[in-house]
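Below, chains carry the letters A, B, ... as their sequence lines are ordered, and counting in each starts from 1. What you see below is based on every heavy atom in this structure, not just the backbone, and it leaves out hydrogens, waters and symmetry mates.
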Protein chains: 2
Amino acid sequence: MTTLSQVAQHAGVTSATVSNVLRQRGKVGEETRARVLAAVEALGYRPHLTARALAEGSAPTLALMVASIANPFYPEFALAAEQAARQHGRFLIVCNTNDDPDIGRAYLDQIAGTLSDGVLVMNAKLRVDDLKMTQRRGAPVVLGMWEKPHEPPGLPCVAVDFHLAGALAARHLIALGHRKIGILFGGGASCIHSERERGFHDALAELGHSDAVVRIMHVHDSVEGGLSAGAEMLADGLVTAVFATNDLPALGMLHAAADLGIKVPQQLSVIGITDIQSARQARPALTTVALPTEQAAAMSIALLLELIANPSLGSPMRTAEAPQLVVRASTAVVPKRRLKRRSD
Amino acid sequence: MTTLSQVAQHAGVTSATVSNVLRQRGKVGEETRARVLAAVEALGYRPHLTARALAEGSAPTLALMVASIANPFYPEFALAAEQAARQHGRFLIVCNTNDDPDIGRAYLDQIAGTLSDGVLVMNAKLRVDDLKMTQRRGAPVVLGMWEKPHEPPGLPCVAVDFHLAGALAARHLIALGHRKIGILFGGGASCIHSERERGFHDALAELGHSDAVVRIMHVHDSVEGGLSAGAEMLADGLVTAVFATNDLPALGMLHAAADLGIKVPQQLSVIGITDIQSARQARPALTTVALPTEQAAAMSIALLLELIANPSLGSPMRTAEAPQLVVRASTAVVPKRRLKRRSD
DNA sequence: GTGAAAGCGCTAACAT
DNA sequence: ATGTTAGCGCTTTCAC
C-alpha cells in the first residue's frame, strides 16, 4: 500500500501538499503540482478511503435497508439508488433485514453514523423508534417510498401516491365494465398496501360502484401467494376482474387463471401495481399501475445527501411523480355474459 | 456520538481498558468490567467501525461486483453472499459495473484495499489485469462462478461445472427423443456461456447425435433476447426442442412459442440453465439445469475471508456441487410427427 | 489488571 | 505556496 507520505517523500514535499493537490484545495505551485502528480502515478497511489473518512468525520457509504434484495421489486430500486449514490461519490451497502426488525436494528446500530453517513429505508419492517434513534445519533434516515403524500410520517421521505395508484386501477377496471371484482391484498394487514386498497375503494365509491368488490383475500406478497389465493378466488367464476395490490400476486393470479383454463383477458382481467420487470415479460403482459421506482430511488439518495450536508433540514417530504396506468394485455372489457348476469 | 474515551471517563478507567472489555481481550477485573459495561449501556456507546478499521488496518466490508443487480440472476446470489458475509461480521457493498470494464476498474481502484478488504466478482466483464493489480495491492479477489472446474483461471475462484450443466440439458433432450434442436446462445461470443454450449455439444457427440443441433442463434441474455430470437427460430416449425444457455432467453422462448400458438411442451420443449426464481414461476414452469447459486455465493465469501486472513494461500479453486437437472413442465417427449419426419 | 503512548492514513487549521 | 501540527476514534504493545 502506498501512503500519502510516501508520495510526499517521493515528490520531495510534505503530505499536506500532496493532499492539497489531490483535493484541488489550497493553491499549489504548478511545478510542485506536476511533481506530485508524477509521484502519485509512479507509486500507484490510491487514497485510503477509510482513513479519509475518519479524518473528515464522515463516511463514503450509504446504507440501503431492504427486506430482501431477492424480492423482485428491490433490485430495480437498488440499482437506481446505487447509480445515484455513485454519481455523488458514494458507495452503497445493501442490508437485507429479512423483514425482521431486530436484524434491522442491529444493522442500524452497527453502521449508521460509523460506516455509513445515512440510511435509505425501503422496508417498512423497521421500528420507527429505531429509526428516530438512528437520526438522533446523527445519521439521517430517509424513507424511500412513503405511501401517503398527504400525511408526512415525521421522518424525511419520498412520497409516492399509492392512493392514486389504487384509484387508477379501479377506474380502469370500472371503465372496462367490470362490476364483479376480486382484490388480492398483499403484504400483511397494516402495511403499505392498505393505502392502495383504500385508493381503489375510494375511486369505486366516487364512481358509484362501491359494491363492485365481491371478494377480498389477503395474500402473501409473492407470485405463489397470488397463485394459491387465485385458485380459490376463481373457483366459482364470479369475478370478472382481479385487482392485486402488487404485481407479484397479480402474476400469480395470471398463473392461477391459466391453470384453470380461464383466458386472460377474454374471461378475466387482472391488474397489479408497480410495474416490475416481469410484469412486462409475463404472458399475457400485465396491465399495471407503474410506480416511479427509479425516480423515487434517485430522489431518496438526493434527499439523504442533503440531510447529511445539512442536518437541520428537519423531516422534509418530497413527492415523486404520480403513478401511471400502463395498459397491457391482461385487461379487457368485461365479457358480455357477466354484464348480463349483473343486470338480473 | 459517544466515543471510547467518553465511556472510559464515565467508568473511571482508560480507553484501553474499555477496548479490552469490549473485545474480550486481555483480562479485566470483574468489577471494572461491570462498571465499563454499565457505562457503555448508559451512554449508548457504539464502536466507530471506520475508526476501528483504520486502527486494525482492515475494513469491515466486502465488495460484490456484478453487471447489474437488476439482472434477475444476481439478486439471489447477492442475497446469499450478504447473508454469508453478515455471519462473519462483514458488510457488503454492491457495485454495478453495467458490464463496463472501466466502471469496474474505477470501483476496484477506489474501494479495494481501502474501503473493502476483498472483492467478490460475479461479472466476467472485468479485465483480468485489473483484478491481478487489485490483488497485488493487497485486496484478495475471488471469482464467484468460474465455469471450468478443470481449468483454474489463475485467480481464486469457486468453480461450477457449466460443461456438465450443458451436458445434462443435452441428455435430457435426447432422452426425450428430440433430434431437431435449436440453441439460444446467450451472453456474447467468448463468454461464460460457451462452456455450457460446449457441454451440450460434447454430450450430443457422446450420444451419437452431433447432428441434432439444427439451429444456433446468438441472443442477448434476456427475456427479450429469447423472445425475438425465438420467433425467428420457431418460424419454420423445424425444431422440436430449444436449449437456451440461460433461463432468461429460455423464458423468452416460452413467450415466443405462446405468441405463435405453439404449445409447450406438447409441440415444443424448452430447457434453460440456472433455475432462477422466475423459472419456477413461469407457465409452463421451466425445465432447467439448476446451478448451485447460493452455495457458490457462500463458498465465495468463505474463500474471500480465508484469503484475507491468509494472503499466502495463492489462487485456490473450490468446486461447488454439481448442477442438477430440474424437470418441470416445459419439456416432454418429442411429438410423433417429428420423429417420423426425421426418419425420411 | 490497568494505564500511557504511539500510530493507522488522512485532513485541516494555522504557521511560515 | 508549502510545511507544521493536531487530531479523527480506535487498537495495541509495553510499562507499571
Side-chain angles (χ1 to χ4, degrees), chain A residues 1-37 39-40 43-61 89 110-117 137-139, chain B residues 1-37 39-40 43-60 89 109-117 137-139:
Chain A
M1 238 222 67
T2 312
T3 71
L4 247 204
S5 64
Q6 289 176 320
V7 174
Q9 200 172 344
H10 189 106
V13 294
T14 186
S15 56
T17 303
V18 178
S19 178
N20 279 337
V21 356
L22 256 28
R23 345 195 63 236
Q24 344 254 39
R25 200 163 291 268
K27 336 84 212 288
V28 182
E30 195 44 55
E31 194 249 344
T32 330
R33 167 184 198 68
R35 209 147 25 90
V36 168
L37 256 17
V40 164
L43 271 45
Y45 169 79
R46 300 284 177 270
H48 195 297
L49 265 28
T50 297
R52 174 178 288 180
L54 185 60
E56 284 181 331
S58 81
T61 74
Q110 292 190 81
I111 58 181
T114 71
L115 236 198
S116 287
D117 267 359
R137 278 226 198 80
Chain B
M1 239 222 66
T2 312
T3 71
L4 246 206
S5 65
Q6 289 176 322
V7 173
Q9 200 172 345
H10 189 106
V13 294
T14 185
S15 55
T17 303
V18 178
S19 178
N20 279 336
V21 356
L22 256 28
R23 345 196 63 235
Q24 345 256 36
R25 202 162 291 269
K27 332 93 213 286
V28 182
E30 196 44 57
E31 194 247 345
T32 328
R33 166 185 199 69
R35 210 146 26 91
V36 167
L37 256 18
V40 164
L43 271 44
Y45 169 79
R46 299 285 177 271
H48 194 298
L49 265 29
T50 297
R52 175 177 289 180
L54 186 59
E56 284 181 332
S58 81
D109 263 6
Q110 292 189 80
I111 57 182
T114 71
L115 237 199
S116 288
D117 267 358
R137 278 226 197 79

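- Partners of B:Thr114 according to the side-chain hydrogen bond (donor to acceptor under 3.5 Å, both in side chains) rule, which considers only residues two or more places apart in sequence or in another chain, do not exist here.
- Within the structure, a side-chain polar atom (N or O) of B:Arg23 is placed less than 4.0 Å from OP1 or OP2 of D:dT12.
- The phosphate of D:dT2 has neither OP1 nor OP2 within less than 4.0 Å of any side-chain N or O from A:Thr14.
- Scored by the salt bridge (charged side-chain N to carboxylate O under 4.0 Å, His left out) test, B:Glu30 finds no partners at all (sequence neighbours excluded).
- Residue A:Arg52 holds its CZ atom at 10.5 Å from CG of B:Leu115, rounded to the nearest 0.5 Å.
- Nucleotide D:dG9 holds its C1' atom 13 Å from the CG atom of B:Leu22, rounded to whole Å.
- Annotation: side-chain hydrogen bond (donor to acceptor under 3.5 Å, both in side chains) contacts of B:Arg46 (sequence neighbours excluded): A:Asp109.
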Going through the checks in order, is the side chain to side chain contact (heavy atoms under 4.5 Å, CB included) test met by A:Arg33 and A:Val36? CA-CA 5 Å; A:Arg33 167 184 198 68; A:Val36 168; 5.9 Å; no
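- Comparing the start and finish of the helix from C:dG1-D:dC16 to C:dT16-D:dA1, five pairs each, the helix axis swings through 40°, to the nearest 10 degrees.
- B:Ser116 meets the side-chain hydrogen bond (donor to acceptor under 3.5 Å, both in side chains) test with B:Thr61; sequence neighbours excluded.
- Side-chain atoms of B:Thr2 come within 3.5 Å of backbone atoms of B:Leu43 as a donor-acceptor pair (strictly under, hydrogens ignored).
- Applying the side chain to side chain contact (heavy atoms under 4.5 Å, CB included) criterion to A:Ala51, with sequence neighbours excluded, gives A:His48, B:Leu54.
- The shortest non-hydrogen separation linking A:Ala53 to A:Pro60 is CB-CD, 3.9 Å.
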With the criterion being N/O to N/O and under 3.5 Å, what pairs connect the protein with nucleotides 13-16 of chain D, and how long is each?
none

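- Listed by residue number, A:Ala51, A:Arg52, A:Ala55, A:Glu56 are the residues of residues 50-59 of chain A with a heavy-atom contact under 4.0 Å to DNA chain C.
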Distance-only check: which donor-acceptor pairs under 3.5 Å involve side-chain atoms of residues 4-19 of chain A, not counting sequence neighbours?
from: A:Ser5; atom 1: OG; to: A:Thr3; atom 2: OG1; distance (Å): 3.3
from: A:Gln6; atom 1: OE1; to: A:Thr3; atom 2: N; distance (Å): 2.7

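- Residues from residues 1-11 of chain B with heavy atoms under 4.0 angstrom of DNA chain D, sorted by number: B:Thr3, B:Leu4.
- Boundaries of the chain A contact region on DNA chain C are C:dG9 to C:dA12, first to last in 5' to 3' order (nucleotide atom under 4.0 Å from a heavy atom).
- Evaluation of the salt bridge (charged side-chain N to carboxylate O under 4.0 Å, His left out) test over residues 10-23 of chain B, restricted to residues two or more places apart or in two chains, returns B:Arg23-B:Glu56.
- Of the two residues near DNA chain C, B:Gly12 and A:His48, the one whose nearest nucleotide lies more 5' is B:Gly12.
- Straight-line distance from the CG atom of A:Leu115 to the C1' atom of D:dG9: 13 Å, rounded to whole Å.
- The OH-C1' distance, from B:Tyr45 to D:dG9, rounds to 7 Å in whole Å.
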A:Leu37/A:Val21 under side chain to side chain contact (heavy atoms under 4.5 Å, CB included): CA gap, chis, key distance, verdict: CA-CA 8 Å; A:Leu37 256 17; A:Val21 356; 3.6 Å; yes
